[in-house]
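We count ligands from 1, going down the list as the structure has it; atoms in each ligand are counted the same way. Heavy-atom basis, side chains included; hydrogens, waters and symmetry copies ignored.
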Amino acid sequence: MAATGAQAHPIWPARVHHFRRDSADPARLAEFYAAALGMAQRRLDRDQWLLTGRDRRLIIGAGPKGALPYFAFDLGDGGRLAALRRALELRQVPILPSPSPLFDGRAFAVADPDGRRIAFGLADAVADAPGDGPAHSLPGRLQHVVVASTALGAMVDFYENALGFVVSDRVRDDAGDVTAAFLRSDPEHHSFAVFRAPQSRPDHHSYEATSWNDIRDWADHLSTLRVPLWWGPGRHGPGNNLFFMIEDPDGHKVELSAELEIMPIDMAAREWKHEQRTLNLWGSAWMRS
Ligand SMILES: [Fe+2]
């Protein structure tokens with residue numbers, strides 16, 4: 001018997017709710033995100049800061065520069081959270097404690113082949129504080145997390161076949177090898193993506209705005225902070241979204257995006273050529289391999 005959607009895709013639908021970024025200088029990183037993303041900051045304990053703003057939250061911790069040790073999905077309700085846990089247990093995916101201080105005791109986590117944790121919990125257990133600073137009202141919902149990996153095949157297999165993500169787009173080189181894959185956990189084109197690279201590392205995370213005008217307003221705001229654009233503006237092929245990227249003080253890339261494509265669960269994955277135009281229809285691209 002063919003698996004139904006819920007059986008084949010137990011994560012569906014789920015959205016990225018928050019993530020953790022580590023730094024050797026977490027106080028400086030928290031100051032950066034507070035000012036750049038219009039977030040209020042609160043120190044949770046000796047080593048952790050909570051940054052919250054309009055539809056965006058992150059934990060900043062003391063740790064290796066540039067690290068992104070976990071990201072966390074909201075499952076919407078307790079029944080779905082429990083069903084996901086059962087589905088993962090049936091697939092013999094080890095269930096780990098949730099590393100997030102934001103989710104309650106029902107939350108749990110898994111580890112992907114690169115050792116990064118993915119936490120699953122309920123956002124309604126989280127009290128969102130309003131943002132702060134000049135950018136607090138700019139729309140930018142935390143939307144996707146992307147990594148680079150030396151084990152792209154194993155990573156895609158885990159997210160697709162263990163967690164139930166749906167592949168939206170694959171990029172292939174001339175030899176036919178996959179160099180990037182974009183995966184969705186709800187109709188938004190991707191909530192996670194992985195690039196082939198010489199090192200496994202965090203790649204970037206993205207905030208989804210509502211329009212091109214928002215992208216302009218974000219760039220104008222960042223200009224007042226003297227934060228230069230690092231890549232873009234452009235339009236990605238996979239996802240068809242408008243974007244630019246900046247760097248945080250540790251060199252981790254931060255994306256502002258709009259017009260991300262919507263794909264129903266049953267829409268087939270597409271293929272792209274490994275070339276700069278794929279990653280930026282308007283011009284040059286950041287090639288990870
Ligand atoms: Fe992105």
Side-chain angles (χ1 to χ4, degrees), residues 14-21 33 36-37 55-58 66 68 70-73 112 114 116 118 138-149 152 155-156 159 165-171 178-197 200-212 214-215 218-219 222 227 229-248 250-263 269-270 272 274-289:
R15 284 184 161 179
V16 179
H17 182 261
H18 64 278
F19 66 102
R20 173 166 163 157
R21 269 277 292 110
Y33 278 96
L37 274 301
D55 300 323
R56 45 193 183 261
R57 340 157 175 84
L58 73 150
L68 197 158
Y70 67 80
F71 58 117
F73 283 85
D112 73 17
D114 280 347
R116 184 167 292 102
I118 308 111
L138 289 178
R141 172 172 50 86
L142 176 63
Q143 196 279 325
H144 66 253
V145 168
V146 173
V147 304
S149 180
L152 186 139
M155 288 285 280
V156 174
Y159 281 85
F165 280 73
V166 181
V167 175
S168 298
D169 283 301
R170 290 184 189 87
V171 182
V178 176
T179 62
F182 298 80
L183 300 102
R184 63 191 186 276
S185 54
D186 80 351
E188 292 187 324
H189 177 272
H190 60 287
S191 54
F192 176 75
V194 53
F195 283 85
R196 183 183 73 181
S200 292
R201 55 166 176 76
D203 191 271
H204 71 275
H205 70 279
S206 182
Y207 300 92
E208 185 72 8
T210 63
S211 71
W212 176 246
D214 295 339
I215 301 290
W218 276 109
L222 292 163
V227 175
L229 304 195
W230 181 80
W231 178 28
R235 185 187 287 279
H236 294 308
N240 200 44
N241 45 328
L242 303 162
F243 75 94
F244 70 73
M245 287 189 188
I246 59 171
E247 287 186 308
D248 77 18
D250 289 341
H252 175 79
K253 311 300 185 284
V254 181
E255 178 174 40
L256 278 302
S257 163
E259 299 187 2
L260 184 65
E261 184 177 5
I262 298 299
M263 291 177 72
R270 300 159 306 195
W272 297 79
H274 182 76
E275 61 179 356
Q276 295 204 22
R277 187 179 184 280
T278 290
L279 300 185
N280 184 3
L281 298 175
W282 292 356
S284 59
W286 173 25
M287 303 300 284
R288 286 77 162 187
S289 70

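Salt-bridge formation is not detected for the pair Glu208/Arg15: no Lys NZ or Arg NE/NH1/NH2 atom is positioned less than 4.0 Å from an Asp or Glu carboxylate oxygen. With salt bridges taken as basic N to acidic carboxylate O contacts below 4.0 Å, one links Asp203 and Arg201.
In summary, an N, O or S atom of His144 is located under 2.8 Å from the Fe ion (ligand 1).
Shortest distance from the Fe ion (ligand 1) to His204 is reached at NE2 (N/O/S atoms only). Within Glu255, the N/O/S atom positioned nearest the Fe ion (ligand 1) carries the name OE1.
For Phe73 and Phe192, the ring centers are positioned 6.0 Å apart or more.
Side-chain atoms of Trp218 and Leu37, non-hydrogen and from C-beta on, do get closer than 4.5 Å to each other.
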